[in-house]
Amino acid sequence: MHKKIVQEVFLNLLEYGYLERKTMQQYCSLGTDGSVRFLPDRYVEGTCPACSEDGARGDQCDSCGATYEANEILNPKSKLDPEAKIEVRDTEHYFFRLNDFQNSLENHSSERKSKWKPNVRAMTKNWLDMGLRPRAVTRDIDWGIEIPLEGIEWSNKRIYVWFEAVQGYYSCARIWSERYASSTDNPDGIRLWERWWKANDQGVNAKHIYFMGKDNIPFHTIIWPAIIMGLNSPEGIEYISHHVNSNDLLLEDNVSANEYLMLQGGQFSKSRKHAVWLPAYLERYDPDALRYYLTINMPETHDTDFRWDEYVDRVNNELISNYGNFIHRVMTLTHRLPSNGINPLEEYDNPKNFSSYIYEINNYIDEAINSMEKQRFKEALRNIMSISQLGNSLLQEAAPWKYIGADSSESKTNSLSTLALTWRMCSCLAVCLRPFIPFSSDKLWKMLGNENDIDNVLLKNSMNIDSKLYWNSDKPTALFKKLDLENIIKSETSLSNSIDKLDDSVNNGGSDYINFEDFLKVEMKTGKIVLVEDHPNADKLYIITIEDAPDSTRKVCAGLKEYYTIEDLEGLNVAFVANLEPRKLRGITSEGMLLAADDGNGNVKLLTIDGDIIPGSKIR
RNA sequence: AGCGGGUUGGAGUAGUCAGGUUAUCUCGUCGGGCUCAUAACCCGGAGACCGGUGGUUCAAAUCCACCACCCGCUACCA
C-alpha cells in the first residue's frame with residue numbers, strides 16, 4: 001500500500017512536469033554472466049588522478065585530499081568484486097526539479113521565520129542560499145520500490161529512499177483510513193485521512209508538526225514541502241505556491257528539530273555501555289524525575305549534556321523542593337484542619353479576593369501554552385514552575401500555620417482563604433504538568449479528591465475558581481523522594497558492569513577461544529617513541545616514529561590525538577604489534593599498531609613498559 | 001579534510017532571524033526572614049566589558065569581515 005502511494009505520487013509529479021529525465025555517467029561492474037551492476041561512488045576504488053596513489057575512493061582521494069569527477073579515477077575497481085570488469089556507462093534517471101520550487105520555498109520559509117527555531121532557520125537558509133538543484137529520485141539498485149514505468153530500462157532501478165521515506169507521513173494516514181476507518185460508521189469512511197491532510201474551506205486545518213534530530217531538517221523544510229507543493233500544483237510551474245488552498249495537501253506548521261543530547265560529555269552508545277539503562281532505572285526510580293530533567297534540559301537550540309550530578313541537583317532543587325514541597329505544604333496544612341468528610345477550606349474559599357494573583361497565574365499559563373505551540377518545552381515548563389513558586393510565596397505571606405488551631409478571627413479567615421487559593425493552584429498545576437510529568441499529576445489529582453477526568457480539563461481553564469473543592473480524607477503523601485547522587489552513580493556503575501559481564505559471558509561462552517598457535521602468530525614487541533608528528537590529513541591521527549630495535553625505527557599511525565599531547569608521548573616505552581600487515585591510513589603507511597586500553601567510556605591509555613628494556617624485546 | 005553548529009556572571013541557559021531603556025531564567029554564592037513542609041520555603045544583594053580583533057550605524061550580544069577555541073556528522077583510529 002505504501003509502495004502504491006509512492007508510485008502514485010511519482011506518476012503525478014511526472015505528469016505535472018516536476019520530474020525530468022537525464023542521462024548520467026556512472027561506473028558499473030560487468031559480471032562474467034554478462035550482468036551489469038551500477039556502483040555508487042563509494043564502492044569504486046582506484047588510482048588517484050592527482051597524486052597517483054592507489055586506494056582512492058569514488059570522487060575523493062584520501063591520500064592527497066583531492067576531489068574530482070567520479071569518472072576521472074584511474075584503474076577503477078569495484079570494492080564488492082575487485083575481479084570484475086568495470087566501465088563507465090550511461091544510465092537514465094529521473095530527477096525531481098527542486099529548483100522549480102526555489103521561490104515558493106523561500107516564501108514559505110520566510111513565513112515560518114518566527115516559528116522555526118534558529119537551527120531550523122539556519123540550515124534551511126543555507127540550502128536555499130546555495131540554490132536548489134534537481135535531485136535524483138531513482139537509482140541503480142535492485143531493492144526498494146519499483147519504478148511504475150513500462151520499459152526494461154526501469155526494471156533494475158528503484159525509487160531513491162529520500163523521496164520515498166518522507167511520504168510515510170502521508171501514506172500512513174491513507175493506509176489507516178483504508179484498513180480501519182473505512183469499516184467504521186464514520187460517514188467519511190475511506191476518505192477520513194483527508195481530515196488530517198487536506199485543507200478545508202472553513203480554514204480550520206489539522207496542524208502538522210514534525211519532530212526530529214537536527215540531521216533531518218532539510219528533508220522536512222525543503223524536500224517534503226516541495227513534493228507537497230508539487231502535488232498541489234497539477235497545472236504546472238507557474239502555479240506553484242506556498243499558499244495552501246482549499247482541498248490542497250497541508251504543509252508543515254512547524255518543523256521542530258532538536259540538537260543532540262550527550263551523556264556525560266560523550267555520545268550515547270549502547271554498544272559502548274555509555275547509556276542510561278532505562279528499564280533498570282525505572283525499576284528503582286520515579287519516571288517523572290527523569291522526564292522533568294529531560295524536558296528542562298532538552299537540546300532545543302544546541303547540544304546539551306546529560307550529567308548525573310546536574311540531574312540530581314535540578315530534580316532535587318527545582319522539581320522536588322519547589323513544586324513537590326509546595327504541594328506537600330498545602331496538603332499537610334489543609335489536612336491539619338478539622339474536616340467532616342468535606343474539604344475544610346470550603347468555608348474560607350474566596351478566590352475573588354485574589355484577582356491579581358489569579359491574573360498572574362493565568363498569565364503564566366498563557367505563556368506556557370504559547371511556548372508549547374512553538375514547541376519550546378523548556379520555556380513552557382519554566383512558566384508552569386513559576387506558578388508553584390508564586391504559591392510558595394503566597395503561603396509564606398499568609399502563614400496559615402499560625403491559624404490552624406486558632407480561634408476565628410478576620411486574620412484567620414484571610415490566611416486560610418489564601419490556603420484555599422493555593423489548593424486551587426495545586427489542581428491547576430496537576431493539569432498543567434500533566435503533559436510533562438503525568439504520573440505525579442495523576443497522584444496529585446487523586447490526593448485532591450477531584451472527581452472529574454484530569455484529561456478533560458484544558459490548560460487554559462486549569463486555574464478554575466468556580467469548581468467545587470473536593471476532598472480525599474486519606475493522609476497525603478509526598479509526590480517525590482529526593483535523589484541521592486552516590487546511590488545513583490553506584491547503581492549505574494554496577495549496572496554497566498553487570499551488562500559487561502553479561503556480554504562477556506555471551507561472547508566467551510564456549511568456542512570463542514583462540515588456540516595457542518594463533519596467539520603466537522601475533523608478534524608483540526617493545527619500542528621507544530622517538531618522534532611524534534601530526535598527521536597532515538587526519539584529525540585524530542599522530543604519525544609516531546618508534547625505535548623498534550636498536551638503531552632501527554618504523555612509523556606507525558595511531559589515533560591518539562584526543563588523549564595524548566606530543567610531549568606526553570615522546571620518550572615513552574610502549575608495546576606494539578610488529579607483524580601487522582602495513583596499511584595506509586589517510587595517505588601514510590602505518591607499520592604496526594600501538595597497544596592501548598579502552599574502557600568504552602572515552603578513556604584510552606597506552607600500555608607502557610615498567611622500567612627500561614632494549615627496544616624490540618619480545619612481549620609474551 | 002568536507003559539511004553543519006556553538007562560545008553570554010562560578011555552572012547551566014534565554015535573547016541573535018526583525019539592532020534600541022536596567023541582558024533572561026535556574027543552580028550556586030552572600031545577607032536577612034520564616035519555621036507549616038522533603039536541611040525545605042520567602043525577601044534582598046553581589047557577580048557579565050555577551051570568545052577575540054576590526055568594520056557598518058546616532059545605536060551592536062544582535063548585522064558584516066577576519067581570527068581563536070569547542071562540538072556534532074562524514075573519514076580514521078584503540
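Treat the numbers as computed from the prediction; the structure is a model and nothing was measured.
For RNA chain B, the stems formed by at least three consecutive Watson-Crick or G-U pairs, with both atom-pair distances below 3.5 Å, span B:1-7 with B:68-74, B:10-12 with B:25-27, B:29-33 with B:41-45, B:51-55 with B:63-67.
For A:Thr304, the listed nucleotide lying nearest its side chain is B:U13; candidates were B:C36, B:G5, B:U13. Checked against B:G28, B:U38, B:C41, the side chain of A:Ile320 finds its nearest nucleotide in B:U38. Listed nucleotides: B:C36, B:G12, B:U38. Nearest to the side chain of A:Arg314: B:G12. If you check B:U13, B:C43, B:C41 against the side chain of A:Ser321, the one that comes closest is B:C41. Between B:C42, B:U38, B:G15, one nucleotide has an atom nearer to the side chain of A:Arg376 than all others, and that is B:G15. Side-chain proximity of A:Asn325 to the nucleotides B:C41, B:C43, B:C25 is greatest for B:C41. When distances are taken from the side chain of A:Tyr260 to each of B:G72, B:C25, B:C36, the shortest belongs to B:G72.
The OH atom of A:Tyr542 sits 13 Å away from the C1' atom of B:C77 (whole-angstrom rounding). Atom CZ in A:Phe576 sits roughly 14 Å away from atom P in B:A78 (whole-Å rounding). Here the C1' atom of nucleotide B:C71 and the CG atom of A:Leu263 are 16 Å apart, to the nearest Å. Rounded to an integer number of Å, the gap from OH of A:Tyr293 to P of B:U26 is 18 Å. Atom P of nucleotide B:G15 and atom NZ of A:Lys378 are separated by 9 Å, given to the nearest angstrom. The distance from atom CG of A:Asp303 to atom P of B:G4 is 16 Å, rounded to the nearest whole Å. Protein atom CG of A:Leu394 is 14 Å distant from nucleotide atom C1' of B:C43, rounded to whole Å. Taking atom CG on A:Leu381 and atom P on B:U13, their separation rounds to 16 Å, with Å as the unit.
Taking atom C1' on both nucleotides, B:A61 is separated from B:C17 by 14 Å, rounded to a whole Å. B:C50 and B:A39: their C1' atoms are spaced 36 Å apart (whole Å). A gap of 13 Å separates the P atoms of B:G5 and B:A65, to the nearest Å. Using P as the reference atom, B:G9 and B:A23 are 14 Å apart when rounded to the nearest Å. Nucleotides B:C25 and B:A14 place their P atoms 14 Å apart, quoted to the nearest Å.
Among the atoms of the strands shown, base atoms are found under 4.0 Å from some heavy atom of A:Leu479. Using a 4.0 Å heavy-atom cutoff across all strands shown, A:Ala558 reaches sugar-phosphate atoms only and no base atom. Residue contacts shown for A:Met331 are absent, as no nucleic acid heavy atom lies under 4.0 Å away. No engagement by A:Glu397 is indicated, since no non-hydrogen atom pair under 4.0 Å with the nucleic acid exists. Within 4.0 Å (heavy atoms only), A:Phe480 reaches at least one base atom of the nucleic acid.
Between A:His328 and the phosphate of B:U38, there is a side-chain N or O to OP1/OP2 separation shorter than 4.0 Å. Taking side-chain N and O atoms only, A:Thr301 has no distance below 4.0 Å to OP1 or OP2 of B:U13. Contact between the side-chain N/O atoms of A:Gln389 and the OP1/OP2 oxygens of B:U26 is found at a separation under 4.0 Å.
Between A:Met593 and A:Lys214, the residue whose closest nucleotide on RNA chain B is further toward the 5' end is A:Lys214. Between A:Thr332 and A:Leu594, the one whose closest nucleotide on RNA chain B sits nearer the 5' end is A:Thr332.
Inspection of the A:Trp423 and A:Thr334 side chains reveals no N or O donor paired with an N or O acceptor under 3.5 Å. In this structure, a donor-acceptor pair under 3.5 Å is present between the side chains of A:Ser388 and A:Asn322.
Here the side chain of A:Lys443 pairs a donor or acceptor atom with the backbone of A:Ala478 at under 3.5 angstrom.
Under the salt bridge (Lys or Arg N to Asp or Glu O under 4.0 Å) criterion, A:Asp286 pairs with no residue, sequence neighbours left out.
Residues A:Tyr323 and A:Tyr292 keep their aromatic ring centres 6.0 Å or farther apart.
Residue side chain A:Arg329 reaches the base of B:C36 through a donor-acceptor N/O pair under 3.5 Å, judged by distance alone.
Between A:Tyr357 and A:Phe354, the ring-plane angle classifies as tilted under the 30° and 60° cut-offs. Ring pair A:Phe436/A:Phe377 is perpendicular by interplanar angle, where above 60° counts as perpendicular and below 30° as parallel.
Using a 4.0 Å cut-off between charged side-chain N and carboxylate O, A:Lys528 and A:Asp548 make no salt bridge. Comment: A:Lys214 engages A:Asp303 in a salt bridge, judged by a side-chain N to carboxylate O separation of less than 4.0 angstrom.
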